[in-house]
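As C-alpha cells, the structure follows; a few thoughts come after it.
In what follows, chains carry the letters A, B, and so on, assigned in the order in which the sequence lines appear, proteins first and then strands, with residues in each chain numbered from 1. As a basis for the values below, the full set of heavy atoms in this structure was taken, side chains included, without hydrogen atoms, waters or symmetry mates.
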Amino acid sequence: MELEQALPKYFGYTTFRPGQKEVIEAILQEKDVIALLPTGMGKSLCYQLSGYILQKPVLIVSPLLSLMQDQVEELKRFGEKRVVALNSFLTITEKRYALHFLEQYRFIFTSPEMLLQPQVQEKLSQIKLGLIVVDEAHCISQWGFDFRPDYLRIGQWFSQVSRPPVLALSATATEKVVKDISKTLSLNNPFEFMYDVDRPNIHLGRVTFEDKADKAQWILQHIKKTAGPGILYLSSRKRAEQYCEVLIQAGIRTAAYHAGYGAEDRQFIQQQFIDGELDWIVATNAFGMGINKPDIRQIIHETMPANVENYMQEIGRAGRDGQPAIAILLYSEGDEELAKFVVTGDLPTSGHVERYQELLNQRLQPSQMLKNGELSETAFRVLNFWLQQESVEQVKARLNQLALEKYRAVDEMKKINQTKDCIRAQLVGYFGQKLQKKPENCCENCGIHYDEINKVRLEEERKIEMIPWESRLKQLLMGN
DNA sequence: CGTACGGATGCTAGCATCCGTACGGTGCGCTAGT
C-alpha cells in the first residue's frame, strides 16, 4: 500500500509532518532508523502507521511506566484495543495472560528491565515482530552507563537475536549520543533523520547573581509579576519543597514535584498542572518526560542542569503551542560545583570496585555491601553489570572516564551559559547544527523583550473573562 | 566539592572565628513487613 493512501486510511490525515514519511519509508525497507523529532511533531505516528502497514506486532521500549500508560490510553481512545503495557503494574495473572497472547497485540509497550526477563525473552523469540521502537532513546546514553544498565543489555540482546528493524526516537541528541545509541543498540548502518533542534519561539534568558541570596528574591518577584504556567527547576528535593512553600504563601498556585513523592501524588500533581489548576511546578529533573502541555510559558532554572542535553529537554517543554515562551537560566558563581557533585556522587569508587571483586573471589555475596549501606542500590547494579564483563582495572578506568565526561558536560553547560555571543547559536551548535535564522526575540545576549510573555498572559486572561456565566457557575459548583 | 548551619571557643561581654556535621537526581521490578 502506498504511504499516501495509508495515512488517511488509518489516521484521517492527508499530509505527513516533516520526517514522518522518510522514517516510515526506511522502516518499510527494513532499515534501522534513528529519528530526532521534536516532541509534539508526531513521533508516535511513525511506528503506529508502520505497524498497521506491516500487519505485525510493534514492540515499544519505554523508559517510564507513566509514559507507557499514557500511550496505551491514547491508542485505546483512538479505538485500538490490541495494546498492552507489559510492566509491573500487571498482576501475575494479567502478565501471564498478556504473555500467552502476546502475538495478538498490535502494540506492546514495555520497560528495558521487563524486556530482559527470561520469560519475556523466551516468548519474544517465538513471535514475529514487525518493528522494535526505542522511545526516548537518549536515555540509553544518559542512563545506561551509570543508572539503568539494562538499557545497555537490550543492545546486547539485539546483537544476539534475529530481529526486525529498530527505530530509535528522541527529541534531543548530540552527535555523541546518536553514536552511543547506534553502538549500544548494535544498529546496522542506520538511516538518520535529524530535525532542527532550535525552538525559535522560546526566548533564552539568563540572569547572573553576585550574591546567591538575591536569587530567591528575584524568583519570587519574577513569578509574581509574570505569566505561568511554568516550571521552576531546582537541583535538590529539599529546595524544591522550600521554594514551593514560599510561592504558595505568595498566593501562587504551586506544587512541588520530585522522586521522593509516591507515584499517586506525582500523577495527581501532574494532572492538576495539565488541567490548569496549578500555575507553577517546582521540581527536580524528575518532572517533565512525557508531559504534553502545550501552553507552558516559562521554564526557570534556579541552578544549571548537569548537561546541555538535559537543559534542551527541560526548556523544550515550553511553548509547544508555538506561542512565545521564555526559558531563564539563573547563575551564581559555583553553581556548577553542585551539579558536578550530584552527577558523580553516586558512582562507585575504585575502593568499591575492588571490594566487590574481593567478595566475589571469596565466594561471598557482594550484596552485603548494600545491606550495610556501603553502596547505593544504583551503584550496586552498575558494578554488577560492568564486573560481569570487564576486569577490575577496566571497570575502574571506565568509571573514572565516566566521571570525567560528566564533569566536562557540566563545563559545556557553563560555557554556553556564560557566552558573550548568541546563546541560541551556541546551543544549536552543541547539537552539531547551525542556526538557520535568528528569531526576533532570541536570547539574553541578542536582546529579549520580556514583555512578550505578558502579552500572552493578558490574552489568556481575556479568554477567561469571556467564559459564559453558565459554565462559570458550573465550575463553582463543581468546586474548581 | 562546596555551602549552610549550629554550637563551642576565644578574647574580654557581646561579637568574631573556628570546627564539625549534614546535605546534595534521575526508575525499573520485587519482596518483606506493616
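Listed here is the closest heavy atom pair of A/A85 and A/Q69: CB-OE1, 3.7 Å. Nearest heavy atoms, A/L185 versus A/V134: CD1-CG2, 3.9 Å.
Take the nearest nucleotide of DNA chain B for A/L234 and for A/E337: the residue whose nucleotide is more 5' is A/E337. If A/E333 and A/R381 are placed on DNA chain B by their nearest nucleotide, the residue sitting closer to the 5' end is A/E333.
Within the 4.0 angstrom heavy-atom criterion, base atoms lie near A/T378. Residue contacts shown for A/R266 are limited to sugar-phosphate atoms, with no base heavy atom under 4.0 Å away. As judged by a 4.0 angstrom heavy-atom cut-off over every strand, A/R239 is placed among residues making no nucleic acid contact. A/N87 comes within contact range of the sugar-phosphate backbone alone, with a heavy-atom separation under 4.0 Å but no base atom that close.
Side-chain polar atoms of A/E241 and A/H258 form a donor-acceptor pair below 3.5 angstrom. Side-chain contact of A/Y257 with A/R266: a donor-acceptor pair under 3.5 Å is present, judged by distance alone. A side-chain donor from one of A/Q117 and A/K95 sits under 3.5 Å from a side-chain acceptor of the other. Side-chain polar atoms of A/Q313 and A/T172 form a donor-acceptor pair below 3.5 angstrom. Side-chain contact, A/E309 with A/H138: no donor N or O sits under 3.5 Å from an acceptor N or O.
A distance of about 23 Å separates the P atoms of B/dC30 and B/dT34, rounded to the whole Å. With P as the reference atom, B/dC11 and B/dC19 are 13 Å apart, rounded to whole Å. Remark: the separation of the C1' atoms in B/dA13 and B/dT9 is 14 Å, to the nearest Å. Rounded to a whole angstrom, the distance from the P atom of B/dT12 to that of B/dA8 is 22 Å. Comparing B/dG27 with B/dC23, their C1' atoms sit 22 Å apart, to the nearest whole Å.
With A/W280 as the aromatic partner, A/R253 does not meet the cation-pi criteria of under 6.0 angstrom to the ring centre and within 45 degrees of the ring axis.
An anti base is found at B/dA8: its glycosidic angle is more than 90° from 0.
Ion pairing between a basic and an acidic side chain is recognised when a charged N comes within 4.0 Å of a carboxylate O; A/D335 and A/K215 show such pairing. Under 4.0 Å is where a charged nitrogen must lie from a carboxylate oxygen, and between A/R297 and A/D295 no such pair does. Using a 4.0 Å cut-off between charged side-chain N and carboxylate O, A/K340 and A/D411 make a salt bridge. A salt bridge is absent between A/K128 and A/E103; no separation between the charged side-chain nitrogens and carboxylate oxygens falls under 4.0 Å.
Within residues 111-126 of chain A, the residues having any heavy atom under 4.0 Å from DNA chain B are, by residue number, A/S111, A/E113, A/M114, A/Q117.
When DNA chain B is scanned 5' to 3' for any atom under 4.0 Å from a heavy atom of chain A, the first and last hits are B/dC1 to B/dC30.
When base pairs are accepted only as Watson-Crick or G-U wobble with both N-N or N-O distances under 3.5 Å, DNA chain B takes part in stems of 3 or more pairs at B:1-10 with B:15-24.
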